[in-house]
Amino acid sequence: MGNLMVKLCGKTPDGKFESGGPQKSFGPIRLSAGTTGISVLAADLLHFDITNQVPEGLSQHVVSSKKAQANWYTKLMEAWRETKPPPKSPEEATKLILQTLKHHQKADVEGLLGYYGLPLTIDTTACEAPHAATTSTSKPKHETKPEGVKYELNTLPVDLKSIADGDTVTVYVDATVPHESCKVPPEISKAAKERTKARAAKNFQKANGLQKTLTDAGYRMVPTQNGDEILAKKYRIRLRGIDAPESAMPYGKEAKEEMVKLVQGKKLKVYIFNDDRYGRSVGDIYCGKIFVQEHMLKKGLAWHYTAYDQRQELDTWEKEARAARVGLWAQSKPEKPWEWRRNKRNGS
C-alpha cells in the first residue's frame, strides 16, 4: 500500500512530501484543489498507519466511538494492502469499504462514505449487522443520483431559523470534510482558527469580529456534541420543481409549519442541479428516506412548478392532492404563488 500512498498523497512514509514541496493546507486534512475522496482516504490510511489516529472530523458523521473507528481503519488498511490492484476509482473504494465493514452499523458505513464523498454504488442495507431488523435489499431511490446533478450536499442538522417557508431552507455543511475543505479560502480557515483561540482567551471582541468575517463569506462556526466547534459552509436551497404558498397567502403558514416539522433538527441529503437568479442553489432534498418535494405536494402544501420542472411524478403527486382536496386544494379557487407574486409586483 505504501507505494500507492506515495503516489496519491505526494509524501513518503516518514511524513515528508515528494518533489514539488508541501501542498496547501485547508483545515485538518492536507489537500490540494484537485484532491478526490479516494486520495484523501489513502492519505488518512497512511496517517493512521503512522500515528494510529483517525480523522478528527469523522465523529461528526458516524455514530460509533473513536475506538470503533480505529478498528475500521485497521481493517481498511489491511484490506487495501491485500487488494490487487488497489482501488483506483471512487466506486472501487466504495466497494472495498462496503465489503470490509459489511457487519458494521449502516449509519457508520454511510457516514464514512459521505465523509469522503464516495458514492453509494452498492446497496448499503447489505452492510447491516446480521441481527438487524430489516432484510430488504431494495435500493432507496435517492442513493442513485438523478440525471443532471452537479454535486451533493450532506448537511448538518437544520435549525428553526434556517427554514424560510415551504420551499426554501438554508443549510450548513461541515467544511472540514475532504470534498468541502479543499474549497475553503485560506483566509477563512485562518479566521476560524483565530476565532477559536480568541474565544479560548476570552477575547470576545476579537472573536465577534472574526465571526463577522466568517458570516460575510458564507461560513459560521457550529457547536458539536462534545462542546467543540466546526467550520460550516452556508447554502440557501430552493426546492426544485415545487412552489409553496408565500407566507402572506392562504396555507403559507401551514406550508412552513410542515417544512419545520419535517426537517428541523435533521441532517439532509441535497442534490444540487443549478443556481437561480437570486443566488440560491436549486435542488432535491431528502430527509432520511423521505423525498421532501413529494411530501409537500402530497400534503397539498405546494404546487408543481411546471414552468421550471416537467417531471411527471411531481404532476402525479399534485393531482392526487387535488383529488383528495387536502391542504390548499380545500379552497375552491387557490391562487398560484407565481401569479400572487406578479400581482404584488404590479401593485394589484
Side-chain angles (χ1 to χ4, degrees), residues 142 153-173 215 218 220 222 232-311 313-315 317-322 324-348:
H142 65 280
L153 301 174
N154 291 283
T155 79
L156 296 169
V158 177
D159 61 58
L160 176 61
K161 293 180 180 179
S162 296
I163 304 169
D165 50 37
D167 57 33
T168 305
V169 59
T170 297
V171 301
Y172 287 87
V173 176
T215 303
R220 80 174 186 183
V222 177
K233 177 74 170 73
K234 175 182 177 180
Y235 291 87
R236 290 180 63 222
I237 309 298
R238 176 66 165 82
L239 275 69
R240 184 172 77 117
I242 69 169
D243 199 0
E246 299 294 333
S247 299
M249 294 178 65
Y251 288 91
K253 179 182 177 182
E254 289 83 351
K256 178 178 178 177
E257 288 175 347
E258 187 65 29
M259 182 66 73
V260 169
K261 187 192 307 182
L262 184 60
V263 306
Q264 183 185 5
K266 307 291 180 56
K267 295 180 180 180
L268 308 176
K269 183 187 291 291
V270 188
Y271 293 127
I272 302 299
F273 291 80
N274 56 274
D275 295 333
D276 68 12
R277 59 180 175 173
Y278 303 106
R280 299 173 299 189
S281 300
V282 180
D284 289 345
I285 298 183
Y286 290 87
C287 182
K289 294 184 179 181
I290 298 174
F291 180 29
V292 175
Q293 282 99 308
E294 176 183 356
H295 181 89
M296 296 299 287
L297 285 167
K298 286 184 172 180
K299 286 284 186 178
L301 295 172
W303 295 71
H304 178 202
Y305 208 174
T306 55
Y308 297 96
D309 191 301
Q310 286 76 48
R311 282 178 286 180
E313 60 268 32
L314 271 63
D315 185 60
W317 296 328
E318 182 192 287
K319 287 179 179 177
E320 289 175 359
R322 280 177 181 258
R325 299 188 65 80
V326 297
L328 65 89
W329 304 114
Q331 304 172 93
S332 58
K333 293 182 179 180
E335 187 174 10
K336 298 178 178 67
W338 52 92
E339 292 182 353
W340 184 90
R341 291 191 295 268
R342 185 180 63 227
N343 290 337
K344 292 290 287 185
R345 286 195 298 270
N346 296 336
S348 58

More than 12 heavy atoms of other groups within 6.0 Å of K233 NZ
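Check passes, neighbour count above 12.
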State, with a plain yes or no, whether a side-chain heavy atom of [X] is found less than 4.5 Å away from one of [Y].
X    : Y    : value
Y305 : R238 : yes
L153 : Y235 : yes
F273 : D284 : yes
K234 : T170 : yes

Assign the ring pair W338 / W303 to parallel, tilted or perpendicular, where the plane angle (0 to 90°) is split at 30° and 60°.
perpendicular
Would you call the rings of Y271 and Y286 parallel, tilted or perpendicular, where under 30° means parallel and over 60° means perpendicular?
perpendicular
I'd like to know if K161 and D159 make a salt bridge, using a cut-off of under 4.0 Å between side-chain N and carboxylate O.
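Salt bridge: no.
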The criterion is salt bridge (charged side-chain N to carboxylate O under 4.0 Å, His left out); which residues satisfy it with K261, sequence neighbours excluded?
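Partners of K261 by the salt bridge (charged side-chain N to carboxylate O under 4.0 Å, His left out) criterion, ordered by chain and then number, come out as E258.
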Value rounded to 0.5 Å, distance of [atom1] in [X] from [atom2] in [Y]:
X    : Y    : atom1 : atom2 : answer
I242 : Q293 : CD1   : CD    : 5.5 Å
R280 : D167 : CZ    : CG    : 7.0 Å
C287 : L268 : SG    : CG    : 5.5 Å

Are the side chain of N346 and the backbone N or O of R342 linked by a donor-acceptor pair below 3.5 Å?
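Yes, because the side chain of N346 sits within donor-acceptor range (under 3.5 Å) of the backbone of R342.
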Sidechain-backbone polar pair: H304 side chain, D309 backbone, donor-acceptor under 3.5 Å:
yes
Anything under 3.5 Å between a donor and an acceptor, one on a side chain of residues 244-255, the other on a protein residue two or more places apart or in another chain? List them.
{"from": "E246", "atom 1": "OE2", "to": "R341", "atom 2": "NH1", "distance (Å)": "2.7"}
{"from": "Y251", "atom 1": "OH", "to": "G327", "atom 2": "O", "distance (Å)": "3.3"}

Cation-pi check, R220 to Y172: give yes when NZ or CZ is under 6.0 Å from the six-membered ring centre and within 45° of the ring axis, no otherwise.
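Yes - R220 lies over the ring of Y172, closer than 6.0 Å to its centre and within 45° of its axis.
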Pair listing, side chain to side chain donor-acceptor pair (under 3.5 Å) test, anchored in residues 324-335, at least two apart:
E335-N343
Testing V158, I163, L301 for side-chain contact (heavy atoms from CB on, under 4.5 Å) with M259, which one passes?
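Only one of V158, I163, L301 forms a side-chain contact (heavy atoms from CB on, under 4.5 Å) with M259, namely I163.
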